[in-house]
Undergrad: 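Sharing a structure below in structure tokens format, with a few things to ask.
Lettering follows sequence order; numbering is per chain, from 1.
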Number of protein chains: 2
Amino acid sequence: MPKIVDAAERRRAVADAVFSVIGRRGLEGASLRNVADEAGLAVGSVRHYFSDHSELLIFAMKEMSRRFEERVRSHVTRLSSTQGEAERRAVAEALLGEFLPLDATRREEAAVWQAFVTAARVRPELQPRAREVLEGMRDVVARVLGSAQRAGGLRDDLDVGLESVRLCALLDGLTLQAVQAPDLLPPDVLTDVLRSHLRTLSGGA
Amino acid sequence: MPKIVDAAERRRAVADAVFSVIGRRGLEGASLRNVADEAGLAVGSVRHYFSDHSELLIFAMKEMSRRFEERVRSHVTRLSSTQGEAERRAVAEALLGEFLPLDATRREEAAVWQAFVTAARVRPELQPRAREVLEGMRDVVARVLGSAQRAGGLRDDLDVGLESVRLCALLDGLTLQAVQAPDLLPPDVLTDVLRSHLRTLSGGA
DNA sequence: ATTTTTCTGGCACAACTGTGCCAGAAAACG
DNA sequence: CGTTTTCTGGCACAGTTGTGCCAGAAAAAT
């Protein structure tokens, strides 16, 4: 029959091209032509795998969130199989640190994601994924804080719901500003702020 | 001589049109034609007051930050002329609350500003203003925390520098998420989180 | 009333966009 | 080898963009 290509992998490769282009020229630079060029394909080829420009962006968003959530999930399983208060604290910190752009790669990733989320406000097709990720983040953070409190690593008088919101906002805010002005928020400052915040939650003076 | 028009006011009116358009259709919708339509002008007229599309956006950004900083400044002077710990605490909270989108108007404003900042990452002309605002926010927050500590309203063992970074990130993160999902972060939750955060800074259990 | 200068509106052009369409290449099966 | 079907590349078209250019309106000063 025909030339056979792994369509799923192709789509992923094109998504990578989307990430590169958005990273370099923003979402408005992610035209079919630019993306095709970046992927080393012709526009017609890209359109063979994506019916629409919208579908391309939606898939790219979904792909990025999928990879990210996989990373977080691995931290979650590691956390649930960890014993001992100090160890659990360290793993939890690493898990939450996954939400921060602690190196150039993740900073670009965060920038691309911000572009998606910002665009989603006026592009209904992009809203579902943006919202899912935000809700997923809330869930994970709430779960981590909840289990920490049950394990005695967290002050008893804390309202886990409120603290989850606060921590999520802190992580997102740190990310936002680190993307905007990396020199004002270098990786070590990010981790300092996170660690210090967690210390206030665990009852240490 | 010629028909005389208050050029400064015209420019401000056009900037308002820019805000509306960005609020409704995002930054990529802020073309000269769309903005001119929104302002009830012809493209040629808009171009008479702005040499460039870039200059239009830069001016709009500057105008928005100017108005915002004016609001903050008024809170600052009110704070400096306030006596009594409880009163000072309330005024400080109101000041910091000015950074949050506590109503629909400020939520749209915040969304527009986010569009500017996001775009600034790949548009060098927009970076200066974005950075100034971020640094201005840092300055104000650091000043507020510093004076609170000197006045005894803040725990002595706190590192004001670190706490400023943390508080700035928290405010920005709350704003970001409130813009993205207003139903998850309604105004009363925003103020709850801020108040609770400030309580942890002032030594209350 | 004439002049002078700001201001207005719009035409035109090149560059870009997404998309419809299709001819031909490429490769696995008969 | 030939057939069939996926895949590729590209042309064409309508729509949008920023910008250059300019004719004429509008109004203040002479």
Undergrad: For the pair M64(A) and E109(A), evaluate side-chain contact (heavy atoms from CB on, under 4.5 Å) and give the outcome as yes or no after the intermediate values.
TA: CA-CA 8 Å; M64(A) 174 165 277; E109(A) 204 182 39; 3.6 Å; yes
Undergrad: For dG20(C), take OP1 and OP2 only and decide whether either is under 4.0 Å from a side-chain N or O of R47(A).
TA: yes
Undergrad: Does a nitrogen or oxygen in the side chain of R10(A) sit under 4.0 Å from OP1 or OP2 of dT8(D)?
TA: yes
Undergrad: Can you tell me how far P of dG18(C) sits from CG of D52(A), to the nearest Å?
TA: 10 Å
Undergrad: Figure out the CZ/C1' separation between R11(A) and dC7(D), and round it to whole Å.
TA: 15 Å
Undergrad: Ring centroid separation for F59(B) and Y49(B), is it under 6.0 angstrom?
TA: no
Undergrad: Is S31(B) near enough to dT16(D) that one of its side-chain N or O atoms lies under 4.0 angstrom from OP1 or OP2?
TA: no
Undergrad: State which of dT8(D), dT19(C), dT8(C) makes the closest approach to the side chain of L32(A).
TA: dT19(C)
Undergrad: S65(A) side chain to K62(A) main-chain N or O, any donor-acceptor pair under 3.5 Å?
TA: yes
Undergrad: Given atom CZ of F50(B) and atom C1' of dT8(C), what is their separation to the nearest angstrom?
TA: 16 Å
Undergrad: OP1, OP2 of dC7(C) versus side-chain N and O of S45(B): anything below 4.0 Å?
TA: no
Undergrad: In whole angstrom, give the distance that lies between atom NE2 of H48(B) and atom P of dC21(D).
TA: 16 Å
Undergrad: Counting heavy atoms from C-beta on, name the nucleotide in dG9(C), dT19(C), dT17(D) closest to the side chain of R33(B).
TA: dT17(D)
Undergrad: For residues 38-47 of chain A, pull every pair meeting side-chain hydrogen bond (donor to acceptor under 3.5 Å, both in side chains), keeping only residues two or more places apart or in separate chains.
TA: R24(A)-E38(A)
Undergrad: Could you state the CG-P distance from D6(A) to dT6(D), rounded to the nearest angstrom?
TA: 16 Å
Undergrad: Please determine, for the side chain of N34(B), which listed nucleotide (dT8(C), dC7(D), dT17(D)) has the closest atom?
TA: dT17(D)
Undergrad: Is the shortest side-chain N/O distance from Y49(B) to OP1 or OP2 of dT8(C) below 4.0 Å?
TA: yes
Undergrad: What is the distance, rounded to the nearest whole Å, between atom NE2 of H53(A) and atom P of dG20(C)?
TA: 14 Å
Undergrad: Rounded to whole Å, how long is the line connecting atom CD of E55(B) with atom C1' of dT19(D)?
TA: 14 Å
